[in-house]
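Predicted model only: the values in this text are computed from it and were never measured. Throughout, protein chains are lettered first and strands after them, A, B, ... in sequence-line order, and every chain is numbered starting at 1.
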Amino acid sequence: MSQPVLEIRNLNVDYGLGDKAVHAVRDVSLTLHRGEVLGLAGESGSGKSTLAYGLTRLLPPPGVITGGQVIYHPEGGQPYDVLALTDRKLRQFRWAETAIVFQGAMNSLNPVHKISTQLTDVLRAHEPKMSEHTRGARAREMLKLVGISPDRMDAYPHQLSGGMRQRVMIGMALILQPQVVIMDEPTTALDVVMQRQILGQLIELRERLGFSVIFITHDLSLLVEFSNRIAIMYGGRIVEEAPAATIYRDALHPYSAGLLASFPALRGPKRELAGIPGSPPDLAGMPSGCSFHPRCPKAFDPCPTTIPVLGPPADLNSAGRSVACWLHPALEIS
Amino acid sequence: MTSTKAPSGEVVLEAVGLTKHFPVRRRLRQIFRKEHEAVHAVDDVNLTLRRGQVVALVGESGSGKSTVARLLAQLYPRTDGDIRLHGVSTRVKGGRPFREYAARVQMIFQDPFASLNPVHTIRYHLTRALKIHGNAENLDAALHDLLTRVSLTPPERYLDKFPHELSGGQRQRVAIARALGARPEALLADEPVSMLDVSIRLGVLNLLRDLKERLNLAILYITHDIASARYFADQTLVMYAGRMVEGGDSETVTQTPAHPYTKLLIDSAPDPDRLIADIDPLEEDRGNGEPPSLIRPPSGCRFHPRCPSAMPRCSTDLPVPLQIGDTPGHWAACWLYDSPEVAS
Amino acid sequence: MTIPTSSIEQVIPGQGSMAQPEEAHPSKRKRQRFTFIRNKKAAVGLTIFGLYVLFAIIGPWIAPYDPSARGNDLVQPPSADHWLGTTHLGQDVFSQILVGTRSVMYVGLLAGTIATVLSILIGVTAGYLGGKTDDVLSAFANVILVIPAVPLMIIITSILNNASDTLIALVIGLTSWSWNARVLRAQTLSLGRRDYVEASRATGEKTWRIIGFELLPNLTAVIASGFVGTVIFAVLSEITLAFIGIVSNNGWNWGTILFWAQGQQALAQNAWWWFVPAGLAIAFLGTALSLINFGIDEFVSPRLRSAGKTKVKTASGRTVRMRIGFTPVLSSKGGEPS
Amino acid sequence: MRYFLQRIAFYLFTAWAAITLNFFIPRLVPGDPVQSLIAKYRGQLSSDAIQSLYVLFGLDKQESLWQQYLDYWKQIFQGDLGLSFTFFPAPVSQVISQALPWTVMLVGITTIISFMLGTGLGVLAGWRRGSWADGLLPVTTFFSSVPYFWLGIIAIYLLAGPDSFFPSSGGFDSGLVPAWDQYFIPSAIQHSLLPALTILISSVSGWILSMRNMMVTVASEDYITVAHAKGLSERRVAVSYAARNALLPNVSGFALSLGFIVGGTLLVEIVFSYPGLGFTLLQALGAKDYPLMQGIFLVITISVLVANLLADVAYLLLDPRTRKEG
Amino acid sequence: ACGDSPNANNADSANKSSVDFLKIGMPNGTQTENHNPFAGTSSANALGYKWMIYEPLTQWNPVKPADPATPWLASSVKWADDYKSVDITVRDGATWSDGQKLTADDIVYTYTLIKGNDALNQYAVPYDQITANGNVVKLTFKSSQFVNQNKILANTPIVPKHVWEKISDPATDVNKNPIGSGPYTLKSFTQAGVTLSVRDSGYWQDLPKVKELRYVSYADNSAQATALANGESEWSFVFIPNAQQTFVAKDPAHHKLWAPGVLGIHGLYINTTVKPFDDPKLRQAMNMVINRTDIFNQAEAGYFHPEIKSVTGLPPGAGDAYIAPEYKGKEFSVDVEGAKTLLQGAGYKLNGKTLSDPSGKPVKIKLSDPAPWSDYQTTLEIIKSNFAEIGIEATVEKPNQDVWDANVQKGAFEASMRWTNGGATPYDIYQTVMDGALKKPIGTAAQQGNFGRFESPEATAALKAYANATSDAERTKQMNTIQKIFVEQAPMLPVGADNVGAAYSDKNWTGWPTDADPYSGAQPTQPYALQIVLKLKPANS
Ligand SMILES: Nc1ncnc2c1ncn2[C@@H]1O[C@H](COP(=O)(O)OP(=O)(O)OP(=O)(O)O)[C@@H](O)[C@H]1O
Ligand SMILES: Nc1ncnc2c1ncn2[C@@H]1O[C@H](COP(=O)(O)OP(=O)(O)OP(=O)(O)O)[C@@H](O)[C@H]1O
Ligand SMILES: [Mg+2]
Ligand SMILES: [Mg+2]
Ligand code: NI
């Protein structure tokens, strides 16, 4: 496997302080490798966005990072902890190394500035020496890259369609050629045709530019198609992580399996859909033990009491996958 | 519920040439001009809801699906066409006739988080639905019955809760229960699961299917997820920019789509079986892969500007529904299937 | 496209409410009912306000003197006999303030109620019904808004023969509803598009029931905040009117006190005790009401809520403020970079 | 454009309705200018003078209200607002035009300063929640709850005096004639300081509060987070992203308050004997001077509407979303 | 360099050590430029500067109304015995400020103008013929003008014919460039005030020492009072609450108040048609308990409306000469016991704190006056507590001014403080209160007087006889009758007198009229203000 570019270690994120805190992300460790698309799935409220924003300390109050590290490996440099950076350093780090494409593009663009301003703003902040002219040229270039004619430079966000706005955001994310691009449900607001267009484009760009992507969605079938590896989140934890095809064929965690069985297939034989019984957990009153156990059809003794650790399953010999489930207890790493 | 079991397949609600144009407010300087600008949200839509059947209406965002539902629920006055309830043309605006209509045709909204009033309990919501339609003779029993019907058991646990105390799926069930409170014959479900979590969608859809079978309801299922239409509906209609472009048996439409738009839709749907490597190359029509303006819809076939197999005729002549192949009831409004064209 | 709420329809700062309540996260609604009172500002405001209400009720009974009774100590500074000194007629200022509380509170609350009821009737109806009704009603509200309120009140009170407190409240109420009506209209417009309104229509509810049972309960916070705003405005208006000499018979209110004090040039006579306390009484009442309003605003718009502590201790012992864009990191335990 | 035409139609209607109300309301008031004049002089004017005054004011002729209303519109279209009774036979337009500049200067400039100051502080308070700026709020709230006139009178008592720098009344030193010269201007400024301060103190908190609330609201918008994510400087995010958007709703509030300048600060003008329009209006009210009342109401109505129109224009300039046709 | 500026001189003079201007203030609000001396609404009238530019034929002293008038533009005045005509000899040597001579033509023109123009005929004087014979002007009237003599001669500004005949509508002209015979001419006008400067030459007397008069119009009483206290204003006529402390004490050496009473009073009008107040006994009793000293000190700040002592209602000083022999020395004093006895005798019963009338009904009275008139309001509060002592329960109402005014005129009131007209004789006072000729039915506005609907044919006849009398003896006789009715019937309970005084500072200028030398009234807006200005001398000379 190729080199890691971003390592998340034991990240914990709370909303609020003290007893009332909601533990939205618990003890998450995850590694993103250079050039790969890492899919992050899980139902609503499982902490996907929180994890993504937590990486670069962008959570709004009352979000607090209560522990963990985010180690960034710059190309040919010494790795460092993003969470430990000073404000100034962090500002420099942002966008230049990791860029984020948010869920709603309309809300991500400042409605009162032209998109050219918003594009060049980044350059002005990160490459102050660049000339006005070069900046403009670069912004135009990016727009062309994402398939928007450069003469739309002077348009305001509201003058663009949803798809175009989302493309502008993607272009903006790539303008500094970052190593990591985080995409939080970049296409949920769009319809399928547009979604496919944009994702197709993104994959192509990734091949050309070589950045890594963390791709968040709850549409598992989309993820399976588009990502290299998939991590499934439930109740603030990662419950399974494996290459996309592996998960699709053979999900180990009952939750992942249930998730996959919830999507009707368009092609192939009509299969019976099982779904997952029960409703998502409340983060404030998380069940003890494996948080999925109240809904799990296969729950047994240890599930309600002990939290399973995420690790390569001991009973199977499939490389590059890990799961947190007592059905497949983790290999003891000693 | 005591409704006598009507024969399955009986036509309940029918739309004939249903049309809705939302007037665009005229500018002052246009005040003297004759023509009125309007959003052609729905044009000439025909659809039939039968007892014990689910008709799916699919199409991209803004294609007019919700408008069709609201027209059928008589929440909007229609511009043209006809809505027939058991073959009788109806047009109701308010008051008693509306309530009588509502007793037979009920609508379920897309967003269960928004369609229940946060200040009222479940009991209030359901009681109102029952009372308005005079189904409240034995209120407690009726309430229990409703909640049981939508699998919210035991009913006592839910009756005095506020919407916010329920999960999305439970709320949508309450919304369905409310619609059932009127003892309707037809249910118009406008994207009933798109706001729900993946893991609970299925439960709601299964419930709807179950109700259809048990109560012999006619259901219009609106969605943009064509896969769920295949799974859930007996018939599927595809809508594009305010017009129906294809219709037929769900399995046929999804497996052998005829209209280029349906094809595009199906090709675009995520498919886990496809591998990351063989993603289609970037399409040519990137820039205009967007739905057309409905104020000035393209002439002829509304899809022609995006259509890969557009012919000159497409931009001038409005396609008529044409029978496709030999599957009965499968049609598409596309000149590709006009016999002379096919012949040539 | 939507035309952004234009100017006249916008909320003026300081007046009425800035409340633009996006629906609070539904699962928190119940808890918020109590949070409102737990809000520190609102609690302080309510406490002060409660005191004023108490004095409005018992003021005339506990007042040491008849506020109009003349005494022999003319323009005396505060003393044990007269806690806030006396007027040029030897009247007890403290008693006047105590007794005056009732009129101020009465007029403020009554006018607030009248204006609120009117604004609900007009604003909600206009917002919900839309179309021609809306055009007519909002034009009407705009006209009232455009005409300056205080002069209008002066004119109207002078049409009336004998200005009783109730009449003054009526006039203030009748001239000051338009602002809230606009706010409510805008609010109703956005609520009216919500699915639950549409849904209850689809169920077959009657229009008045939709307005009364579906819309209004959801507008309570906005209405409450509008009410509080109007009460502030009404109190200030009544006092202003009293100050320029439009008062009710025999009525003592703080404006009357200021009127007499100014007419007698209290400050030039160095009789600060005559002039200052009444003004302070107004200011504290106003502050209390504003505090309540903040509470409501924050209740309605959770973003405005200053969520408890905003300062956090980090691992390194530093205190950092919670702020947007830089999430505080409390500790960073974990493995060493490899 | 369409948006504009709509607005203009709306303005015209509002203007018509307001002007009509302005016409009828004063006429409902009992009493007439002559009686008011006599009463005003309380014995200084002999009751013999009544007849001559009726003749003088032209009130000896009877005309139907409707006829008067028509005449009133005719006059308005001719730009003639009639003659004032209080200042008989000065034309209303003259009375207004001599008072208006004072109000506009004093209250206008103060409102602008108050708006800018309040907005600035509000941006700070909203951006740095929990810092010292938040502590400012209770204080300003208190001051904004104080009646203008009370504050003004206290200010006069405490700050103005025989040897004080602050004069207690008037718009300029007696003996000076309004002119743009080195004697008059400083005097006018000196006279405006206290009233301006009074208005400032009691009005600034409204701006602080609304701006703060808008900032707080805007600060949780996604685009702010994006701006942070882009690594822009704090200043740039606060000013160009947050404040710029938060300002929009305040602009129209500002325009509205500009419109209310004219009628809004009646009492400050009275307390400080400031020769402005508010004070003139009070005189007109006391004297049953309908023409003057109507004239002033007209000015107020028009200025409110013009201010709104300006707000629309400002919105148009500040908010690109409005610019879109259709 | 700044010579062009209209303010250059003023600014300089403010720094000079010796002051050559006088700052006069009035609480009359903003002004618009109008120098028309005939218009009651003009700035010239409101601030009083018309009397510095225009002069009357005679000057009379309201402080000593019985003294003969001083000739002014007339060198002598001769009334016929029946007061239906007057001969006026025009002074020689008076010139208009544009240099033209003042002649009998100008006087004839002025009076003809007034006669022919109802709007200018402020006192509704029935002019008949106006003719000139050389430098003698003869005015004739349709009725006796004894009671109006000073209004006609001393209150009418004489205007230049050559200027005014060119004015198309003298009633509404603003007289932008006033040309008068007085010692001052207009220098500048602003809405806050007016500056007059002294003429270079051509005035028929010695020019005054005050080179410049600066009139300032303050917004209201309190602003004016503050200005007086601060020294910003040197001369004004305004009610100053607690004047000793708020004004005099600020500079005891220079700040002076002088408020001589005149023949015009303020009192409590009682609606004599309302039961039981139609009973003169009750009114008398009420009259006996009013504490005028309290009112004088607490409501009128100890100076503003001089306390009326004589039971005839005539003010001290100005009224002394007219008091009937039987009432000489008879003064009001609070006599609660006397009042009770009187009431008992008339069939009223006082049980505990409530007085009931002979029919057994408790006696209650509503006192009303507009709220902004704080001295009246204070007076009513005092009267209310005075009445309480004899068991009359009074309530104070504060209708707004217009409502009050309408109510008083229509007789829709029970009791109200109000003023009477004033004049050169007590006639105006009594006429306002008792003249049956002015009486209107309840509900119809009585604009000129007799608001209490007092019915006394005797009084009406006496008033008429007084106005038309041709001899002093006749007048005295009628006056005595009138006073007797007034005292016995008490149609109105007199409280205080009007004053013609002023608050002034003699820091810069001395020579003001005082009790010791009451050579004229002291209000800055009256004709005699010119007499004062002519007498003023710099304080440090
Ligand atoms: N400001 C907040 N205060 C308290 N809890 C919060 C806050 N923001 C988010 N949460 C909680 O944190 C949890 C994780 O939220 P997050 O937004 O990361 O979920 P998500 O997986 O991105 O969901 P979605 O798919 O809906 O975007 C949720 O349960 C949410 O309720
Ligand atoms: N009240 C209305 N006034 C004017 N135009 C409207 C109105 N309602 C809908 N439209 C327009 O009609 C068209 C169809 O809207 P509709 O809501 O029916 O689409 P939809 O297919 O339900 O889309 P979605 O999947 O987003 O719900 C859209 O272009 C919309 O802008
Ligand atoms: Mg998310
Ligand atoms: Mg829809
Ligand atoms: Ni538009």
Side-chain angles (χ1 to χ4, degrees), chain C residues 1 3-15 18 20 139-140 142-143 145-148 150-152 154-156 158-159 232 236 239-240 243-244 258 262 267-268 272 275-276 278-279 282-287 289-291 294 297 301 303-304 306 310-311 321-326, chain D residues 3 7 13-14 17-18 21-22 25-26 28-30 129-131 141-142 144-147 149-150 153-154 157 205-207 209-210 213 216-217 219-220 224-225 228 237 249-250 252-253 255-257 260 263-264 266-267 281-282 285 297 300-301 304-305 308 311-312 315 319 321-322 324 326:
Chain C
M1 59 158 290
I3 294 164
T5 39
S6 141
S7 42
I8 252 187
E9 279 122 54
Q10 212 81 40
V11 179
I12 205 177
Q15 258 192 51
M18 279 304 292
Q20 291 158 358
F140 180 47
N142 286 337
V143 171
L145 195 68
V146 161
I147 297 181
V150 170
L152 190 66
I154 298 175
I155 294 183
I156 298 183
S158 58
I159 298 173
I232 301 181
L236 283 179
I239 281 154
T240 304
F243 179 72
I244 58 176
L258 291 177
Q262 179 62 3
L267 288 182
W272 55 267
F275 190 80
V276 176
I282 300 164
F284 279 115
L285 177 58
T287 310
L289 288 167
S290 305
L291 287 177
F294 290 171
D297 274 1
S301 176
R303 285 170 179 174
L304 297 180
S306 356
T310 51
K311 300 228 163 80
R321 209 157 34 78
M322 283 204 180
R323 59 196 168 120
I324 290 163
F326 293 87
Chain D
Y3 169 64
R7 299 307 296 167
F13 172 78
T14 312
L21 267 183
N22 292 347
I25 289 177
L28 297 176
V29 181
R129 271 176 75 201
S131 70
T141 308
F142 178 80
S144 68
S145 306
V146 169
F149 63 85
W150 186 77
I153 290 170
I154 300 245
Y157 174 60
S205 88
W207 299 120
L209 194 74
S210 70
N213 286 359
V216 172
T217 311
S220 48
I224 301 298
T225 314
H228 277 299
V237 180
N250 254 19
S252 40
L256 206 59
S257 70
F260 285 130
L266 203 105
L267 280 156
L281 177 60
L282 191 76
L285 286 170
F297 277 135
I300 294 176
T301 310
V304 172
L305 293 177
N308 265 289
D312 285 350
Y315 230 113
D319 189 348
R321 281 164 292 189
T322 348
K324 195 173 151 194

Toward chain C, the part of F142(D) with a non-hydrogen atom under 4.5 Å: both

Could you please spell out the steps behind the side chain to side chain contact (heavy atoms under 4.5 Å, CB included) verdict for T14(D) and F140(C)? CA-CA 8 Å; T14(D) 312; F140(C) 180 47; over 6 Å; no

May I ask you to decide if F275(C)'s main-chain N or O and W150(D)'s side chain share a donor-acceptor pair within less than 3.5 Å? yes

Would you mind checking which part of I224(D) comes under 4.5 Å of any heavy atom in chain C, side chain (CB onward), backbone (N, CA, C, O), both or neither? side chain

Check whether L267(C) gets within reach of chain D through its side chain, its backbone, both or neither, counting any heavy atom under 4.5 Å. both

If you compare all heavy atoms of P147(D) against all heavy atoms of L236(C), which two are closest, and at what distance to 0.1 Å? CG-CD2, 4.0 Å

Looking only at heavy atoms and a cut-off of under 4.5 Å, which of T225(D), I154(D), V237(D) has the most pairs with chain C? I154(D)

So among I232(C), L291(C), T287(C), which one has a side-chain contact (heavy atoms from CB on, under 4.5 Å) with S145(D)? T287(C)

